[in-house]
Protein chains: 4
Amino acid sequence: MTETDNDKFGGHAGNTPRTAPKLDKLLTASADLMARQGFSQTSIRHVARETGFSLGGMYYYFENKEDLLFKIQQRTFSTLLATQEKEMAGGGGARSRLRRFIRNHLAYFTSHFAELKVCTFELESLQGDRFAAIAELRRRYFNCLAVVVGELLEVEAGRAFSDGRVRRRTLFVFGMLNWIFMWYDPDRDSSVEALGDEMVSLVLDGLNGEQSAWPPTDLERPTSGI
Amino acid sequence: MTETDNDKFGGHAGNTPRTAPKLDKLLTASADLMARQGFSQTSIRHVARETGFSLGGMYYYFENKEDLLFKIQQRTFSTLLATQEKEMAGGGGARSRLRRFIRNHLAYFTSHFAELKVCTFELESLQGDRFAAIAELRRRYFNCLAVVVGELLEVEAGRAFSDGRVRRRTLFVFGMLNWIFMWYDPDRDSSVEALGDEMVSLVLDGLNGEQSAWPPTDLERPTSGI
Amino acid sequence: MTETDNDKFGGHAGNTPRTAPKLDKLLTASADLMARQGFSQTSIRHVARETGFSLGGMYYYFENKEDLLFKIQQRTFSTLLATQEKEMAGGGGARSRLRRFIRNHLAYFTSHFAELKVCTFELESLQGDRFAAIAELRRRYFNCLAVVVGELLEVEAGRAFSDGRVRRRTLFVFGMLNWIFMWYDPDRDSSVEALGDEMVSLVLDGLNGEQSAWPPTDLERPTSGI
Amino acid sequence: MTETDNDKFGGHAGNTPRTAPKLDKLLTASADLMARQGFSQTSIRHVARETGFSLGGMYYYFENKEDLLFKIQQRTFSTLLATQEKEMAGGGGARSRLRRFIRNHLAYFTSHFAELKVCTFELESLQGDRFAAIAELRRRYFNCLAVVVGELLEVEAGRAFSDGRVRRRTLFVFGMLNWIFMWYDPDRDSSVEALGDEMVSLVLDGLNGEQSAWPPTDLERPTSGI
DNA sequence: TATGAATGAGGATTCATTCAT
DNA sequence: GATGAATGAATCCTCATTCAT
């Protein structure tokens, strides 16, 4: 998304050397709160308190609450998308590209947990043009993976998008990826790198194709929650 | 969950023949609204308007808003859980039980879309005892599948819960299942039965294990959204 | 305007014996404030403080601020309109009816100063259906006088509405009537009854037709303001 | 009003060749907005956006929002007043001067619609010294007409101001003139010149003294609104 | 059982104004 | 002369909840 697009959605601050770091801090703090409590339960007041801004001062940095959410998603998602599109253009077999896509995604999950969670779960909190802009990013992100899945299913690449089978398999994979926000516990689960390998293994070969590796290498603990 | 449990969380109504159907209508309507807008954005007022109740009258049927959510989850999840625990106790090989679990889950997805969506996405809107009670149901539900996954991974059943590998593979599958709420479109995607088969196939054999089946059987349409 | 119409615009309270007097007090107090400060500068907070209500409690009596204004105008204007339509239907020559219309209007000016001022100056603060409903009342009120003016101009009654001359003469008279809010001072100006006679005289015979009556009967004082 | 007066109310800008046109543009744009939406609903922000100024930059040209309104009224009203005082000093019979006063007023109505509307309806938005200064202009404007009305009523000129009858007749005429802002529609009503003649006719001879002139010369249309 | 009436806290947003630069 | 950045007060409104009836 270009600066022109950015302007179209009313962000009037955050481009100067003085304000850029403040906007940054603001978006990060907001993403944290929204990841924890959800968008609708995160109040501007709360963000202001957290960042030391005055309530009114917040509105110098975004048009309204929805715009704040948009800016978070726009910034985060476009960066991730760029990374992945470049990665996918880098060539390699389908299995390799699947592995790289998942690894990159999970690396981002680790480094930008809150922001990515917000991107994943709060698309529907946007509306109109802002919704459309982020939905388009998401569509492109989806396509990155769909192409790979299509190849793995031996479907000609050009037809991948209109193939329901590819669509659904791709969405299965996204389901696995996105749901991780709901349960991942760094103390309990293996590193995200290993996690990615486990997922790739499942996706490529299924449970039956995996080798049994008992006992597990990670720490045994009584389960709480799921 | 027994009536005693029910009492413990303040439900003092809905047990007489006269009130039971009203409570039912209320929970259903609430679930619909909460599935569409989320819990925090669904107001008691809105539910009252939708059901024809007076605002104050609602509070005869639940203690507070959180209790309303609890009752929905409790009613829905315990029913589904009972079905699946019985089903899993019914025997059969791991592959068969995996297939049956997924099919039942998706059948419930079809017949109780709103309620199941609320159970899936609004656990964290509960707190304290109510959270714990539903989390326990969810844990048992998780176990139903985890046992099967453990067998498929050739892990001894008794150790499944404490095995991180089983835990994660199971959560991958739940990710696929739960994420369906975000994209399933009956006009576009095949029936949920077929959807279940596709998922089972992926889980058991992976993408590479699936046979290519081009052209797809479902209607071709240009993709919009993801 | 019927009760059905009333319902259409969302007033959900004020019909029971317990609430009717409270609604009444509320509308009266609001009209006072709005007459003094204008609609946009009168805050709900202010009205609440004045009437002893809690801020939130106000909204039991009206949907929103615009609805409050609407209720004031609706109540006041429909009463006045009914009076005048009945009066105009009572027969008599055009001169007589002109005199009665102006007298009634000014009597209402005296007895319901604030409400009538709000009706006169705040129509444009309404929008959509509410605007249309009050505009229709106003149109009918206009017609009451326009018919008389048409007769005085010897225009056939049936054609009065489409005659620009009648329209404009009628609006001249309303200009005189409405502007009184801006200057009338009971200590300084004669009684409204006498004021009405003076206006009727001007309208019928013009300044030249009036008899000189110096010295005036009312108190002489140095002018302040206009 | 002299430069000294101007200074007294805080205008510290707009006197240099470079700033004068900017101040001019600013006042004109503000008047437009205030005429359309009213003073209290016109924000400095809005004016800034409309004129291309920065929000902060506005305050170089006026002390505060009230000062902006004052400057508009001061500029507009003093010009109009000068015109009329000169015109009234120009001699001629009372009927002639009445006609000229009304014509000039309506010419100003046409050429400075927004400014005059603001002068007419927003006096009470000023306070203290600023109110007093504009009220004095208005008093002098009132007197211009009151003298003529006094003559027409055969009252000695010197006594006109303290004569309630003159006062009220004059205010009736101003009511007609000022109310025009509420209804004049160039597509529907005759030219303002003709409008002035119609008003003069009413004021001098009353409705009965006007000759019937059916059919009217202006376009017949079904009435909408009043 | 259920309603009508009311409250108080909190939410998003706007706005006049200031001040360092 | 003019701007960018920020503030704090005020505004409209929603909402979970209560309680007398």
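What you are looking at is a predicted structure, and each value in this text was computed from that prediction instead of being measured.
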Between Leu68(D) (CG) and dA16(E) (C1'), how many Å, whole number? 12 Å
Leu55(B) CG - dC19(F) P separation (whole Å): 15 Å
What is the distance, to the nearest angstrom, from the CG atom on Asn64(B) to the C1' atom on dT18(F)? 13 Å
In terms of heavy-atom contacts, does CD of Gln37(C) have more than 12 from other residues, nucleotides or ligands at under 6.0 Å? yes
With DNA chain F as reference, determine whether Glu66(C) or Met58(D) sits nearer its 5' end, using the nearest nucleotide of each. Met58(D)
Is any side-chain N or O of Arg18(C) closer than 4.0 Å to OP1 or OP2 of dA5(E)? no
Side-chain N or O of Lys22(D) closer than 4.0 Å to phosphate OP1/OP2 of dA2(F): yes
I want to verify a distance call: between dT13(E), dA16(E), dC13(F), whose nearest atom is closest to the Lys65(A) side chain? dT13(E)
Would you say Glu122(D)'s side chain and Gln73(D)'s backbone share a donor-acceptor pair under 3.5 angstrom? no
Applying the 3.5 Å cut-off to both distances, the Watson-Crick or G-U partner of dT7(F) turns out to be dA16(E)
Can you check the Gln37(B) CD to dT14(F) P distance for me, whole Å? 14 Å
Main-chain N/O of Ala48(D) paired to Thr51(D) side chain as donor or acceptor, under 3.5 Å: yes
What is the separation between atom OH on Tyr61(B) and atom C1' on dT3(E), rounded to the nearest whole Å? 13 Å
Heavy-atom check, side chain of Leu33(C) versus side chain of Gln41(C), under 4.5 Å: no
Can you confirm whether Glu66(B) sits close enough to Arg130(B) that some side-chain heavy atom of one is under 4.5 Å from a side-chain heavy atom of the other? yes
If you find the nucleotide of DNA chain F closest to Gly57(D) and the one closest to Gly57(A), which residue's nucleotide is nearer the 5' end? Gly57(D)
With a cut-off of under 6.0 Å to the ring centre and 45° to the axis, is Lys65(B) in cation-pi contact with Phe39(B)? yes
For Phe62(D) and dA16(E), what is the distance between atoms CZ and C1' respectively, to the nearest whole Å? 10 Å
If I take atom OH in residue Tyr60(C) and atom P in nucleotide dT14(F), what distance separates them, rounded to the nearest angstrom? 16 Å
Pairing check on dT21(F): which nucleotide meets the Watson-Crick or G-U wobble criteria with it, both distances under 3.5 Å? dA2(E)
Using a cut-off of strictly less than 4.0 Å between a heavy atom of the residue and any atom of DNA chain E, enumerate the qualifying residues of residues 40-50 of chain A by number. Thr42(A), Ser43(A), Ile44(A), Arg45(A)
Whether Thr19(A) contacts dG4(F) is assessed here as follows: a side-chain N or O lying under 4.0 Å from the phosphate OP1 or OP2. Is that the case? no
For Asn15(A) and dA5(F), give me the distance from atom CG to atom P, rounded to whole Å. 9 Å
Any chance the rings of Phe53(C) and Tyr61(C) have centres within less than 6.0 Å? yes
Check every atom of dA5(F), dG4(F), dA16(F) against the side chain of Ser54(D) and return the nucleotide holding the closest atom. dG4(F)
